[in-house]
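Working notes, structure below.
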Amino acid sequence: MAKEGKKPIGKIVLGIIVVLVIAGAVGSMGGNSTDSSASDSAKPAETTQQAEEQKEPQEPYTIADEAEDTSNQFTYKITGTLTNNTDKEKSYIQIEYVLYDADGNQVGTALANTNHLKAGGSWKFEALGTVSPDQVASWERSDVSGF
C-alpha cells in the first residue's frame, strides 16, 4: 500500500509542475502581448510627432535676391543673399553656379565663398565667373556647401 500512496502524490506533483510551466509560458506570452500593445499604442504618437518634425525640415541655408550683374564686360557676376539657418557658425560656405550659352552648353561656372558665417547670419555674396556676360544666356545654382 505504500507504493499506491506514493503514486498519486507523484502524479499530483507532476501535474502541478506541468500546470506551472504552462501558466508561466502563457503568462509570459500574455505579458509581452500586453506590453507590446501598450508600447504599440505609444508608438503611433511618437511616430506622428516624428513625422511632424520631419514635415518641417528647415534648409540649412536660404538664398534670396539672386540676380545677374553684367556691368563688367570681362566678368559675369551673380549676386544674392545667403542666410545660415543652422544654430552653428559655419567656418566656410561656398555657393556655385553653372553658366550656359544660348544653345544650352556650359560655358563656365561662377562661385563665391566666405568664412565664419555666424548662426542665423546673412552674407551678401557675389559669385564671379571668368566668362564675359555676352557669352552667358542662363545660369543655375549647382551647389551650396559649408562646414
Side-chain angles (χ1 to χ4, degrees), residues 8-147:
I9 292 175
K11 287 180 181 179
I12 293 173
V13 171
L14 180 62
I16 291 173
I17 291 173
V18 169
V19 169
L20 289 175
V21 169
I22 291 172
V26 170
S28 68
M29 293 168 79
N32 286 342
S33 175
T34 304
D35 291 343
S36 174
S37 62
S39 66
D40 286 347
S41 64
K43 285 182 183 178
E46 292 173 14
T47 305
T48 304
Q49 184 179 5
Q50 290 172 351
E52 289 174 2
E53 290 174 5
Q54 290 177 356
K55 271 185 188 177
E56 304 172 30
Q58 187 174 10
E59 294 293 324
Y61 312 110
T62 304
I63 293 114
D65 304 323
E66 292 175 298
E68 66 179 355
D69 179 349
T70 59
S71 62
N72 184 325
Q73 65 178 338
F74 303 107
T75 304
Y76 189 81
K77 188 187 310 183
I78 300 170
T79 61
T81 304
L82 182 144
T83 302
N84 177 4
N85 296 325
T86 70
D87 59 354
K88 295 183 180 178
E89 177 179 307
K90 297 297 178 178
S91 61
Y92 179 84
I93 294 183
Q94 178 170 298
I95 186 165
E96 300 174 60
Y97 294 89
V98 178
L99 310 175
Y100 300 98
D101 66 11
D103 296 326
N105 300 310
Q106 183 174 337
V107 293
T109 56
L111 73 95
N113 55 48
T114 193
N115 298 83
H116 305 290
L117 184 60
K118 295 194 182 292
S122 293
W123 163 47
K124 290 190 175 195
F125 65 85
E126 294 182 348
L128 301 176
T130 58
V131 296
S132 65
D134 61 349
Q135 293 178 296
V136 179
S138 63
W139 49 269
E140 68 179 341
R141 185 178 340 119
S142 63
D143 191 30
V144 178
S145 56
F147 55 88

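Heavy atoms only: backbone and side chains are in, while hydrogens, waters and symmetry mates are out. All of these numbers come straight from a predicted model, not from anything done at the bench.
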[X] side, atom [atom1]; [Y] side, atom [atom2] - distance, nearest 0.5 Å:
| X | Y | atom1 | atom2 | answer |
| --- | --- | --- | --- | --- |
| Gln94 | Phe125 | CD | CZ | 12.0 Å |
| Leu82 | Thr62 | CG | OG1 | 7.5 Å |
| Ser132 | Tyr76 | OG | OH | 11.0 Å |

Worksheet item: Between Asn84 and Gly121, is there a donor-acceptor pair closer than 3.5 Å when you use the side chain of the first and the backbone of the second?
Response: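 Not confirmed, Asn84 side chain does not pair with Gly121 backbone.
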
Discussion item. Taking the side chain as everything from C-beta on, heavy atoms only, tell me whether Val136 gets closer than 4.5 Å to Thr70.
Written reply: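 Sidechains of Thr70 and Val136: no contact.
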
Fill in: Minimum side-chain heavy-atom gap Arg141-Ile95 below 4.5 Å
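A side-chain contact under 4.5 Å exists here.
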
State, to 0.1 Å, how close [X] and [Y] come at their nearest heavy-atom pair, and which atoms those are.
| X | Y | result |
| --- | --- | --- |
| Gly129 | Ala110 | N-CB, 3.7 Å |
| Ala127 | Ala112 | CA-CB, 3.7 Å |
| Asp87 | Ala119 | C-CB, 3.4 Å |
| Thr75 | Pro133 | O-CG, 3.7 Å |
| Ile93 | Trp123 | CG2-CZ3, 4.1 Å |
| Tyr92 | Asn115 | CD1-ND2, 3.9 Å |

Worksheet item: Do Asn85 and Thr83 pass the side chain to side chain contact (heavy atoms under 4.5 Å, CB included) test, and can you show the C-alpha distance, the side-chain angles, and the key distance before you say yes or no?
Response: CA-CA 6 Å; Asn85 296 325; Thr83 302; 3.6 Å; yes

Item to complete: Report the C-alpha separation of Val131 and Asp101 in whole Å, then their side-chain angles, then the decisive distance to 0.1 Å, and conclude whether the side chain to side chain contact (heavy atoms under 4.5 Å, CB included) test is met.
Response: CA-CA 10 Å; Val131 296; Asp101 66 11; over 6 Å; no

Worksheet entry | Leu117/Tyr61 under side chain to side chain contact (heavy atoms under 4.5 Å, CB included): CA gap, chis, key distance, verdict | CA-CA 11 Å; Leu117 184 60; Tyr61 312 110; 5.7 Å; no

Discussion item. By the definition side chain to side chain contact (heavy atoms under 4.5 Å, CB included), identify the one residue from Leu111, Asn113, Val144 that meets it with Glu96.
Written reply: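 The residue from Leu111, Asn113, Val144 that satisfies side chain to side chain contact (heavy atoms under 4.5 Å, CB included) with Glu96 turns out to be Leu111.
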
Discussion item. Under the salt bridge (Lys or Arg N to Asp or Glu O under 4.0 Å) definition, can you give me all pairs with a residue in residues 116-135, not counting sequence neighbours?
Written reply: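 Counting only pairs at least two positions apart or across chains, the salt bridge (Lys or Arg N to Asp or Glu O under 4.0 Å) contacts touching residues 116-135 are Lys77-Glu126, Glu89-Lys118.
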
Practice prompt. Using the side chain to side chain contact (heavy atoms under 4.5 Å, CB included) rule, take Val98 and Trp139 through it: C-alpha gap first, then chi angles, then the decisive distance, then the call.
Written response: CA-CA 6 Å; Val98 178; Trp139 49 269; over 6 Å; no

Item to complete: Taking atom types as modelled, find out whether Tyr100 and Glu140 have a side-chain donor-acceptor pair closer than 3.5 angstrom.
Response: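 The answer is yes; a qualifying pair exists.
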
